[in-house]
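Here the structure is laid out as structure tokens; the discussion comes afterwards.
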Amino acid sequence: DTEVTQTPKHLVMGMTNKKSLKCEQHMGHRAMYWYKQKAKKPPELMFVYSYEKLSINESVPSRFSPECPNSSLLNLHLHALQPEDSALYLCASSQDTGTGGSGYTFGSGTRLTVV
Amino acid sequence: GQNIDQPTEMTATEGAIVQINCTYQTSGFNGLFWYQQHAGEAPTFLSYNVLDGLEEKGRFSSFLSRSKGYSYLLLKELQMKESASYLCAVRGNAGNNRKLIWGLGTSLAVNP
């Protein structure tokens with residue numbers, strides 16, 4: 001299995017809703033990432049988990065809350081989002097260590113619309 | 001500061017060769033990646049360079065010169081389906097070991 005699976009593929013939520021994005025990989029990767037991507041822009045790093053511990057938080061607002069229940073799963077809990085948070089949310093994984101050229105494997109993303 | 005530059009748009013003809021350049025200025029260097037991204041889809045890993053020189057993978061090649069802070073992606077025998085955005089990304093080192101610094105992407109249009 002060489003894939004990163006993200007659910008749901010599309011999500012529409014109101015500003016008072018609570019929802020969660022899910023990400024799963026079974027490649028034995030020990031680093032997992034959440035990215036946010038707006039149209040015609042590169043991915044913007046939000047969080048990095050290494051060995052199930054949060055190692056990087058790029059000053060993301062607290063309305064985004066990540067969780068890594070185990071080495072294969074990564075969640076992003078959403079609460080009280082704003083319309084400007086509408087974007088493609090990408091999960092990625094990599095063999096950790098920060099070295100090596102295996103690349104980052106991205107999931108197909110969740111297209112989030114906040115209304 | 002940290003900066004990655006690549007052309008915004010390029011056009012090429014089906015069957016031709018195209019070279020997409022990337023220059024970077026970063027506080028550390030631990031590898032350079034090229035990704036392909038079709039609109040609305042996830043980025044797909046194409047290549048990785050950490051030492052100077054050329055890496056070849058079929059019709060795709062990537063070159064790196066660390067002293068010049070320069071890389072290029074070479075695509076041969078272009079196919080229509082390769083119309084996409086091509087993203088250059090540099091991995092930092094030390095405290096930024098797991099962070100990629102991304103260029104804004106080059107939108108490539110392959111015409112018949």
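Throughout, a chain's letter reflects where its sequence line sits, starting with A, and its residues are numbered from 1. Note: hydrogens, waters and symmetry copies are ignored here, and every other heavy atom, side chains too, is used.
Taking the six-membered ring where tryptophan is involved, the planes of A/Tyr33 and A/Tyr104 are tilted, since the angle between them lies from 30° to 60°.
Of the atoms belonging to B/Leu104, heavy atoms from both backbone and side chain fall under 4.5 Å from chain A. Contacts between A/Gln6 and chain B at a heavy-atom distance below 4.5 Å are absent for every atom of the residue. If you measure heavy-atom distances from A/Glu44 to chain B, you find no contacts under 4.5 Å at all.
Counting heavy-atom pairs under 4.5 Å between each of A/Ser108, A/Gly107, A/Pro43, A/Ala39 and chain B puts A/Pro43 at the top. Between chain A and the residues B/Ala42, B/Gly40, B/Pro43, the largest count of heavy-atom pairs under 4.5 Å involves B/Pro43.
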Are B/Ser62 and B/Ser47 close enough, and set up right, to give a side chain to side chain donor-acceptor pair (under 3.5 Å), and what steps lead you there?
CA-CA 7 Å; B/Ser62 56; B/Ser47 70; 3.1 Å; yes
Side chain to side chain donor-acceptor pair (under 3.5 Å) evaluation trace for B/Tyr24 with B/Arg66:
CA-CA 9 Å; B/Tyr24 63 90; B/Arg66 287 171 297 169; over 6 Å; no
Is there a side-chain contact (heavy atoms from CB on, under 4.5 Å) between A/Leu81 and A/Met15? Walk through the geometry before answering.
CA-CA 5 Å; A/Leu81 294 194; A/Met15 289 188 283; 6.0 Å; no
With side-chain contact (heavy atoms from CB on, under 4.5 Å) as the criterion, how do A/Lys22 and A/Leu73 come out once you've worked through the C-alpha distance, each side chain's angles and the decisive distance to 0.1 Å?
CA-CA 7 Å; A/Lys22 297 187 183 302; A/Leu73 293 175; over 6 Å; no
